[in-house]
Amino acid sequence: MRRAQYFQDTFHQFESKAHFDNCDFDDAESYLTELMDGVRLHAEEALAAKAKGDTAGVDVAVKAAFFSIGQALHGTQDFYAHTNYVELTASKASRIDSIELIKPWTKSGRDRIAALRAQGLISGYVFWGVPQQCLSGGISHAKLAKDSQDTDSGKIALPNLQNLSQYKVAVFLARETSLKLLEDVYKKWPILKEVSGENAFFDVLIDRRSIETSSRS
Ligand SMILES: [Zn+2]
């Protein structure tokens, strides 16, 4: 699962949809739906293999399911890091845990994103990503990104939240939403939990693309 999370920043680094970049919300949402369809497919394969007593088959199918889950977690977390959702909500929140979690892999999450877009939700402009859906004059990815404590947006402290940085808020929301995604997946397909055990490890907000790109140039 963690390998899949990193895979998104290398193999899929130029695709806006994998990272909620370039205001490409529609494609990011359909991509997450595809990934969750993949999870369902692999979970069903695992169940079929289990019914035949094919333990090796169960293992292969469950690993494939977790790869798709890792890819979906990546996009889900990037929503907070690469859009202005934190800017729109955190400065008005009285507590960090009162900020609404957005689940873009669900119908209700996609409806919320549509409503938020009407209220000014955008993501950052990345010159190397395609397609480009932001209106011209939009804000750059570098300015909006909250993948680290050191970015312009990441380091902004919020007095209403005990001076937590916007980066910390994005990490909190990304972690909480990741847990919701895993809960949803385990509830739908208990076989995944059965095989993987009680503990799942995932990383939060990992954008290695700038590193990957600069090491090549
Ligand atoms: Zn990303």
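Every number for a ligand or one of its atoms is a count from 1 in the order of the listing.
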Quick one: the OD2 of Asp78, the Zn ion (ligand 1), NE2 of His74 angle, rounded to 10°, please.
90°
Under a 3.5 Å cutoff, is there a donor and acceptor pairing between the side chains of Glu100 and Thr89?
no
Is it true that Asp24 and His19 share a donor-acceptor pair across their side chains at a distance under 3.5 Å?
no
N/O/S from His82 sitting under 2.8 Å away from the Zn ion (ligand 1):
no
min-distance N/O/S atom, His19 vs the Zn ion (ligand 1), resolves to ND1
How long is the gap from CG on Asp21 to CG on Asp27, to the nearest 0.5 Å?
12.0 Å
Counterpart residues, side-chain contact (heavy atoms from CB on, under 4.5 Å), relative to Lys168 (two or more places apart)
Gln149, Leu164, Ser165
